[in-house]
Each structure stands twice: as structure tokens, then as C-alpha cells.
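Have a look at the structure below, then the notes.
Every chain is numbered from 1, with letters handed out A, B, ... down the list of sequences.
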Amino acid sequence: MALRVFNTLGGKKERFEPLKPGRVRMYVCGPTVYDNCHIGHARSVVVFDVIARYLKAKGYDVTYVRNFTDIDDKIIDKANQLGMDCKAVAEKYITEFYKDMDALNVERATIEPKATEHINQILKFVEKLIQKGFAYRINGDVYYSVEKFKEYGKLSGRRLEDMEAGARVDIDERKRNPFDFVLWKSSKPGEPAWESPWGMGRPGWHIECTAMSKEYLGETFDIHGGGKDLCFPHHENEIAQSESVSEKLFVKYWIHNGFVNINHEKMSKSLGNFLMIKDVLKKYHPETVRLFLLSNHYRSPIDFTDQALDEARIGLDKIYALLERIENEIGVKPDKALESGECWQRFSDAMDDDFNSARGIGILFDTVRSINRLLDQKKNDVSPEIKKIARSHHADILRIGGILGILNEQPKVYFEKKQTRVLEQKSIDSEVIDQMIKERDRARKDKNWKKADQIRNQLADMNIILEDRAEGTTWKIKDT
RNA sequence: GGCGGCAUAGCCAAGUGGUAAGGCAGCGGUCUGCAAAACCGCUAUUCACCAGUUCGAAUCUGGUUGCCGCCUCCA
């Protein structure tokens with residue numbers, strides 16, 4: 001099946017055909033590093049991480065660029081507030097970004113450029129825009145003139161005339177049009193500044209992505225992504241800048257991810273309900289968070305609630321339990337060399353349909369159920385044929401996990417870590433549990449069911465759930 | 001004011017004109033000393049509402065209602 005992608009430019013699903021066969025060049029807008037990352041950043045980064053992983057799995061040679069905006073008014077404000085210099089602020093939050101994203105098992109992009117390291121490219125771009133008559137100077141500032149670009153608004157589907165009606169845009173009398181945006185901003189004393197033909201200053205926000213994407217991906221490339229909110233004005237402005245210089249199509253496919261709501265509410269500063277990744281990770285396993293984020297289609301809004309995360313956690317446990325069961329019962333070791341089977345094919349079909357990870361996860365659970373069923377039926381007699389099917393499905397599950405960025409741990413380790421964590425939280429000694437289980441075993445051998453059940457109830461009160469199996473009693477911890 | 005999106009079971013959610021994936025919760029069953037886990041079965045004649053197109057619509061068109069987003073820094 002051919003990959004189809006919803007293109008914001010045009011507003012419909014299109015067959016994905018990269019400019020150069022076999023090669024994908026993509027650019028995703030990264031964070032402005034002035035604060036910790038919240039769960040909304042996580043969604044965007046995870047979604048594009050999965051897209052990049054999937055494209056690679058399909059055999060494309062992927063060049064993935066994700067930038068850091070490391071100079072910006074908000075960074076300057078933060079620096080003043082903390083009494084630090086801007087560079088230190090940016091570095092601090094880049095470190096935090098990596099901490100969060102590494103924890104979430106996000107792969108590094110191919111190139112992760114910073115705005116401040118591309119000032120020359122930015123200056124050249126601004127000069128060209130002035131030369132070509134798309135930009136104008138007001139003292140030390142340079143503005144882009146949106147009226148000069150006749151296709152302005154083609155991405156977000158708005159027209160300059162319509163927007164002016166109820167525009168809530170700051171009125172700057174000096175600008176020719178309220179939607180003109182700054183390319184180069186003159187600096188006040190004490191602010192970070194670079195020399196330019198227009199005096200000391202710093203780049204405007206939109207220009208950096210334009211300059212850096214051109215630097216690494218060329219004038220036209222395949223995919224440009226980011227959160228839905230970036231569609232206007234950021235990406236609209238990027239198109240204007242790029243295409244007015246290159247006179248070529250800037251980007252073939254625009255991909256925008258939806259927002260994360262918190263308990264049915266928009267995440268916003270005024271509501272004070274920003275959920276930081278590091279706080280979420282205190283409570284939930286990173287793979288739980290990924291499974292949750294990928295369980296809705298990337299363009300739909302997703303609602304962060306404890307219930308939703310608990311369900312994701314239960315689902316993840318279920319998959320890991322199946323992996324552990326396979327290893328125990330038929331001794332299959334992960335084998336990535338094994339050819340992909342039917343489950344991978346179904347998953348891949350789902351992903352081919354505009355990266356429908358939600359449908360893909362449904363297929364993952366389907367697969368889990370079918371293996372459990374297989375192993376239930378032939379409990380004592382695992383035939384070579386069943387072994388073969390189980391191995392194939394097992395390999396497919398791991399392959400799917402590799403795209404979603406989950407199932408990265410050994411099942412045994414996954415459950416042990418969980419146990420250790422919860423036991424510590426509740427300050428329970430696992431020795432005590434083992435002792436109690438031994439005592440219960442003796443009671444069971446004597447068919448003293450009353451005592452055995454009493455011990456089990458005691459353990460249940462400690463959130464320890466017993467499983468009596470043929471090989472012996474095992475226990476799992478209920479984390480709530 | 002302009003632009004866009006969404007509405008599918010108790011909850012979450014996929015659904016690409018051909019007869020409603022998957023998950024959670026619930027109920028019944030298999031297994032078990034009893035449980036747990038796993039599996040099986042049941043839980044939407046119906047997809048906000050009203051028209052229309054079609055042999056056929058959750059899917060397309062028009063309208064109504066209700067939510068939401070963007071247009072201002074924002075993933």
C-alpha cells in the first residue's frame with residue numbers, strides 16, 4: 001500500500017511522493033528554549049519521532065532537521081528574570097529538553113541546529129528579501145511586506161482582507177500592513193545582538209526556520225511539521241519568505257499535530273494548567289505516556305486525564321505480560337532478523353493511511369489477543385507450527401514497538417522496575433512478600449485453604465496480586 | 001467578524017459509500033481448591049438532529065443544534 005499523508009496545504013490526504021525517490025527531507029519546528037517542556041511539546045516531538053521512524057522503516061533515507069530557537073524575546077525576559085545571560089538560559093533548557101525527550105525514548109534528529117549559530121545565513125536571507133523588494137527597513141528593524149507575496153495565506157486558508165475585519169493585531173503605525181512581521185529586530189542596550197547592515201540586532205522568529213531549512217534541506221523539501229498553532233502565522237510566514245526568494249515551492253507536505261487538553265480544558269497560561277513532562281514522568285512510565293499520546297490520531301485533539309493514562313498503563317502491562325509469556329512458554333528471544341508477518345503488514349497499512357497510529361495500536365492488541373489464545377489452546381503441547389506463528393507475531397510486535405517507541409525493555413526488567421518502584425513508594429520489603437508466599441504455599445499443600453486465602457487477602461491489601469501457576473506462585477504489584 | 005475542526009456504546013477511540021476495529025469498565029462462561037492472569041461470549045439494527053444524492057451513507061451534499069480551535073507568544 002502506498003503512503004498517504006494529510007497535507008495542510010490543500011487540506012486533503014495525498015499520495016506521498018518525495019521529491020527524490022527513496023529520500024525524505026523533513027523539518028520540524030523545535031522548541032523556543034526558555035522553559036521546561038510540557039506535555040504538548042511531548043506530543044509534537046513524539047508524533048514526528050514516530051513519523052521519522054516509520055519513514056525509515058519503509059526504507060527511506062531520512063534527513064530530519066529539528067531546530068532550537070535559542071534567541072527570542074521570551075528568552076531575554078527569562079534571562080532578566082533569573083539574572084542569567086541568554087545563552088545560559090538557552091543551554092539550560094536545551095539540557096532539560098534532552099532530559100525529557102531522552103526519557104521519552106525520542107530519537108535524535110539528524111541535525112539539530114540553533115538559530116544563533118546561523119546568523120550569517122539569516123542575514124543573507126534578509127538582504128535578499130530587501131533586494132527583491134519583499135522587505136523594508138524602518139530604522140534598525142526590517143519587516144516583511146505580506147502584501148508583496150500574492151499567495152500569502154495559502155497554507156492557513158485566510159485572506160489578508162478577511163483578517164483585517166476583526167484583527168486583534170497590535171497596531172504599529174510604521175508597518176505597511178498589520179500582518180507585516182519582523183525579519184530583523186534592532187536591539188536595546190544589554191540585549192544579545194549581532195552586527196548587521198541595519199545595525200545591531202537579532203533575527204525575528206520566522207526567518208530562522210527559513211534560513212536553516214534551506215541550509216540543510218535546500219530550497220524545496222518534502223515535509224515540514226509542527227503543532228497546529230504554528231500553521232498561522234509562523235508557517236505561513238516561512239512560506240512567504242522562502243518562496244519570495246526562491247520562486248519555488250518551499251515544502252511539498254505540511255503536517256500539523258493537534259493539541260493536548262488537560263481534563264477537557266485547553267492547556268494555557270491563564271488557567272495555569274501546564275503539565276510539564278518531568279512531572280508526568282514522575283507518575284507514569286515513559287512508554288505509558290507514548291502509548292497514550294499515540295492512541296489518538298495525531299491531528300485530533302487528545303485529552304490528558306488520569307483515567308486515560310491509567311488505561312494506557314494497563315494496556316502496556318498487558319503487552320509486556322504477553323511478551324514475558326512468550327519468552328517463558330516457548331523461549332523465543334527477540335529476533336529482529338525474522339521476516340515481517342501479517343501483523344506488521346496490517347500495522348503498516350494503518351500507518352500508511354496518514355500515520356494512523358491509533359488504528360495501529362488496535363492491531364497491536366489484536367495480535368496480543370491472538371497469541372494469548374494460541375498459547376491457551378495448546379498449553380501443554382507447543383507444536384512447531386504454533387511456535388512458528390508465535391515467533392512471527394512476537395517479532396512483529398517488537399517491530400511495531402520499534403516504530404511507536406515502546407516495548408524497549410526486557411519484560412522481566414519492565415515488571416521488576418515497576419515492582420521496585422511501587423514497593424519503595426509503599427515501603428514494602430519484597431522479602432516479606434516472599435516469606436508470606438512461602439507460608440501460603442505450605443498452607444496450600446496442607447489444603448488449608450482458609451489460611452492460604454487469609455494470606456492472599458493480606459497481600460491484596462498491600463496491592464500485591466498473586467498468580468498461582470503450574471510452575472509456582474508469582475506476584476504482580478498493582479500500581480495506582 | 002473571518003477561517004477551520006469535531007459530534008460513533010457507560011468511558012476512550014478507529015472507521016478511506018458496501019453493512020460498526022481496538023482498549024477500559026460491566027455482566028456471564030472456560031480454567032482454578034478459591035482467586036488472579038488469559039481466553040470465549042454478551043453489551044451501538046446504529047454513528048447529534050433533519051432533509052437530499054445513491055441499489056446502498058457513520059462515511060458524500062445542504063440545513064439545524066451543540067462543543068472546540070486558530071486569527072496574539074504558544075506544540
Side-chain angles (χ1 to χ4, degrees), chain A residues 4 8 11 13 28-32 34-35 37-48 72-74 77 153 156-170 179 205 225-234 236 256-261 264-269 274 291-292 295-297 299-303 305 307-308 310-315 317-318 321-322 325 346 350 353-354 356-377 379 444 447-450 452-453 456-457 460 465-470 473-476:
Chain A
R4 286 161 57 79
T8 309
K13 278 189 208 171
V28 174
C29 291
T32 301
Y34 73 104
D35 205 347
C37 290
H38 53 65
I39 190 72
H41 293 107
R43 185 180 196 192
S44 181
V45 173
V46 165
V47 160
F48 288 101
D72 173 274
D73 290 355
K74 292 191 290 293
D77 289 346
S156 54
R158 38 194 105 208
R159 297 181 308 171
L160 285 169
E161 312 87 75
D162 292 341
M163 288 191 292
E164 279 173 87
R168 286 185 275 164
V169 181
D170 58 319
F179 288 95
W205 175 35
K228 225 165 205 163
D229 52 328
L230 296 181
C231 190
F232 187 89
H234 184 53
E236 198 71 70
H256 292 100
N257 67 273
F259 286 131
V260 180
N261 291 327
H264 323 293
E265 275 182 334
K266 188 194 147 139
M267 202 165 48
S268 74
K269 289 201 170 131
F274 269 84
L291 190 63
F292 160 72
S295 65
N296 282 36
H297 190 272
R299 277 187 284 121
S300 312
I302 189 168
D303 197 20
T305 61
Q307 196 197 338
D310 287 343
E311 284 178 14
R313 191 200 66 226
I314 289 165
D317 281 358
K318 188 175 177 146
L322 180 268
R325 185 178 181 190
R346 290 176 63 210
D353 185 9
D354 195 27
N356 196 333
S357 57
R359 200 159 93 206
I361 288 168
I363 289 155
L364 185 58
F365 282 114
D366 257 352
T367 308
V368 168
R369 184 153 41 85
S370 77
I371 304 180
N372 268 321
R373 188 191 303 147
L374 215 58
L375 295 177
D376 272 4
Q377 279 168 2
K379 221 173 227 168
R444 290 180 72 217
K447 297 207 191 293
N448 185 351
W449 308 126
K450 200 174 167 186
D453 290 349
R456 186 173 57 201
N457 289 339
I465 309 297
L466 298 185
E467 297 182 14
D468 294 328
R469 298 171 180 282
T473 300
T474 61
W475 58 276
K476 286 230 159 88

(request) Could you let me know what B/G18 is paired to, Watson-Crick or G-U wobble, both distances under 3.5 Å, or none if it's on its own? (result) B/C55
(request) Go ahead and name the base partner of B/A13; Watson-Crick or wobble counts if both distances stay under 3.5 Å, otherwise write none. (result) none
(message) Side-chain N or O of A/Asn356 versus OP1/OP2 of B/A14: is the shortest distance under 4.0 Å?
(response) no
(request) Once you apply the 3.5 Å cut-off to both distances, tell me the Watson-Crick or G-U wobble partner of B/U43, or none. (result) none
(message) Tell me whether the side-chain N/O atoms of A/Arg299 come closer than 4.0 Å to OP1 or OP2 in B/C6.
(response) no
(message) For a quick test of reading the model: is some side-chain N or O of A/Arg373 closer than 4.0 Å to OP1 or OP2 of B/C40?
(response) yes
(request) Once you apply the 3.5 Å cut-off to both distances, tell me the Watson-Crick or G-U wobble partner of B/C31, or none. (result) none
(request) State whether A/Lys266 places a side-chain N or O below 4.0 Å from either non-bridging phosphate oxygen (OP1 or OP2) of B/C70. (result) yes
(request) Examine B/A75: is either OP1 or OP2 under 4.0 Å from a nitrogen or oxygen in the side chain of A/Asn257? Give yes or no. (result) no
(request) Rounded off to whole Å, could you give me the NE2-to-P distance for the A/His256 and B/C3 pair? (result) 20 Å
(request) Would you check if A/Trp449 stacks with the base of B/G33, given a 5.5 Å centroid limit and a 30° plane limit, both strict? (result) yes
(message) Any side-chain N or O of A/Arg369 below 4.0 angstrom from OP1/OP2 of B/C40?
(response) yes
(message) What is the separation between atom CG on A/Asp310 and atom P on B/C12, rounded to the nearest whole Å?
(response) 15 Å
(request) Send over the distance from A/Phe292 CZ to B/G23 P, rounded to a whole Å. (result) 19 Å
(request) Could you tell me how the ring of A/Trp205 sits relative to the ring of A/His234: parallel (under 30°), tilted (30 to 60°) or perpendicular (over 60°)? (result) parallel
